[in-house]
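Step one of this worksheet: look at the structure below.
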Amino acid sequence: MKLHLSKFSLLVLFVACNTIFAQRSADKQIAFDGKIEQLFFHEFSAVPIVLTDKTVAGIDAEKGTKIWEVEGDRISLLGGAIQTDQENYRMVPFSPYIIVANLLIDTRDGKVLLDKEKEGYKKIKSFQIIPELESFIFQCTTEDKAKNKAFLVSLKSNESKWNTELTIKKRGTLNNLVVDKNTNIAFSLGSNLFILNSTNGSVIFNEEEKIGKLFLNPSKDILYAVEAAGGGLGSMMGAAMTLNANKLSALGDKIHAFKVEDGSKAWKKPLKLDEGFMFEQEVDGKLFIKHEKAGSLYDYATGEKLWKKDFEKRRINDVEKVDEGYMVYYGARKILLDNNGKKVWKKPQFNGNDFLAEVGEDDTYDEFRYNKGSIIATPYRIAYYEDGVKKAIWKFGVDEDTRIAYDDQEKNLIVLDGKELYLLNPDKGWNKDNSQKLELKKHKDFNRLEVRGDNYYLSSPWEFAIVAKDGTVKKTKYYPQPGETGRKLLNTLSVLGEAAGAAYQVAGVYNMGMGATSGAAETFTGVRPPGTGGFKQADKGAVQYQAGAYGEMAAEALYNPNRYDGSANTRDYSFFFTKDNAETKYLVQVTKDGGEEKDKFTFEDNKPNYHVDQVEKRVFYTKGKNLNIFDYQ
């Protein structure tokens with residue numbers, strides 16, 4: 001009897017230990033009348049949203065029920081592919097709202113804030129957030145092509161505060177929004193420049209102007225309008241999509257100035273630049289404007305030119321006032337100008353950074369400081385320079401497939417170069433010889449590094465590696481994915497997708513550039529190509545227009561709620577979509593501390609549409625007309 005019980009106990013223990021590794025079905029399932037085409041979480045309210053070929057619905061995941069459901073009129077099927085009118089289905093970033101069938105809906109409860117039948121508009125064409133007013137402004141078209149409507153929706157009261165009619169000459173979208181000292185709202189729409197009273201929506205100013213950019217003076221009582229040229233901002237962003245910042249188009253060469261209280265001209269004549277406008281910034285209470293070839297300093301109030309300097313089309317990073325005059329930063333160099341804009345230095349000065357002599361003038365690079373010098377990473381070389389020494393102490397070549405990451409606390413630089421892993425830290429005596437073989441399948445796709453106690457956890461959409469802080473490789477694993485041949489995954493760039501796409505649009509000036517996501521530097525850093533300026537940019541940040549254009553590109557490419565995700569990450573787990581030897585498909589939950597497989601969720605197709613909710617600890621997966629919800633620990 002005792003022997004029988006022991007065998008039984010062992011059997012129970014064996015089953016208990018192995019059940020968790022067996023693939024399992026969903027804990028809850030919600031059926032829809034139509035085929036589910038998209039599943040995503042609203043980025044602000046976190047409500048799961050399901051889009052079928054008939055309806056859009058918000059989900060209560062805990063109960064496994066629908067909160068609300070609205071019929072959509074924007075989907076047609078052609079050869080199995082969805083044809084989507086994005087104007088009828090859009091999330092509204094930094095709000096709990098979604099636009100469905102030209103209705104503005106609160107995803108939390110299904111409340112309709114803007115109804116096209118009641119409000120008399122045709123389409124919700126565009127919108128802008130107004131942080132100063134804790135509100136959004138929505139542009140809506142009407143049956144009359146010369147008439148649009150603007151609605152101000154308050155996030156605080158969760159209702160529409162007012163609407164007003166906008167008379168326009170040409171169709172377009174709402175852009176370049178700024179708020180002046182009186183909280184009046186200025187923006188461009190098509191070929192018109194508007195100033196609205198934010199309290200009641202009355203139109204203070206409406207004039208036909210071809211606008212490429214709007215900005216205010218420091219006191220916010222004068223509005224400056226840069227004319228568009230050759231397609232204006234649209235062509236500028238289009239050029240950025242090529243990732244060739246050198247070919248970005250400038251805006252126009254004229255700047256108009258208006259008084260915000262009534263729209264009257266602050267200058268009798270527009271300010272005329274020699275070449276196209278690139279960016280502006282305030283420098284010691286004065287207006288610095290970078291145009292295509294040169295830079296000029298102006299008086300904000302009068303538009304009077306104080307000085308002009310030819311910068312030979314260099315990519316200016318920043319300009320600041322110093323005791324001797326003005327310091328201009330560009331690429332890996334800086335130039336000192338006197339108060340009249342004349343060059344003080346005959347040639348670039350390095351101010352002790354002798355390594356810059358080996359870095360090209362327009363090259364970007366990452367600098368990592370140590371006790372006696374710096375590691376410099378460029379797109380083609382990683383080298384260590386001691387202070388005051390022009391030649392590198394050691395260096396090795398890298399290429400476009402190399403990836404680097406940085407542990408700010410330990411000051412360790414991690415380099416993935418082919419199948420070679422380098423752990424560099426001159427303070428610890430670790431140089432280019434501190435390397436070892438790392439058997440990875442696709443090292444160039446690695447996009448995350450996390451500090452996990454005494455280890456580093458590196459991962460890509462299909463692979464992970466656990467490496468000790470002394471460089472010892474503890475574990476690696478690659479997960480083959482069903483149907484992966486020829487597949488192009490956007491989430492291989494997901495380090496840029498940590499912030500929602502709209503995060504690049506809120507402030508109007510893009511300061512994020514290519515840096516790491518704020519608040520995560522101690523435990524998470526991006527894995528990216530060397531020399532991008534994403535870790536330690538030289539002296540000053542990236543060029544404003546350059547960073548803005550790159551941010552737009554990243555947001556447009558990555559913020560795609562229906563993109564296929566090959567993997568997902570939470571604080572303690574990675575999830576990989578894979579298959580076993582029997583070609584059975586599943587999502588596996590892997591611990592980041594040890595690389596153990598903790599759970600497996602049964603999937604049934606090669607390109608699953610799923611989402612991992614790390615807060616509520618659930619996995620959502622759609623198949624046909626059913627939404628499957630897995631709870632995990």
Under 3.5 Å, is there a donor-acceptor pair between the Y300 and E282 side chains?
no

For T167 and K147, does a side-chain donor sit closer than 3.5 Å to a side-chain acceptor?
yes

With rounding to the nearest 0.5 Å, note down the distance linking OG1 in T402 to OH in Y380.
14.0 Å

Please enumerate all residues that pass side chain to side chain donor-acceptor pair (under 3.5 Å) together with [X], with sequence neighbours excluded.
X    : value
T142 : none
D144 : none
N217 : S219, D221
E209 : none

Under 6.0 Å between ring centres, would you say that holds for F151 and Y121?
yes

Near-ring test F288/Y298, centroid separation under 6.0 angstrom
no

Partners meeting salt bridge (Lys or Arg N to Asp or Glu O under 4.0 Å) with K308 (sequence neighbours left out):
D274

Show me the donor-acceptor pairs within less than 3.5 Å that the side chains of residues 182-194 make with the rest of the protein, sequence neighbours left out.
residue, atom, partner, partner atom, Å
T183, OG1, S198, OG, 3.2
N184, ND2, D180, OD2, 3.4
S188, OG, N175, O, 3.4
S188, OG, N176, ND2, 3.0
S191, OG, E208, OE2, 3.4
N192, OD1, K169, N, 3.0
N192, ND2, N206, OD1, 2.8

For F205 and F258, take the angle between the two ring planes, folded into 0 to 90°, and tell me which bin it lands in: parallel under 30, tilted 30 to 60, perpendicular over 60.
tilted

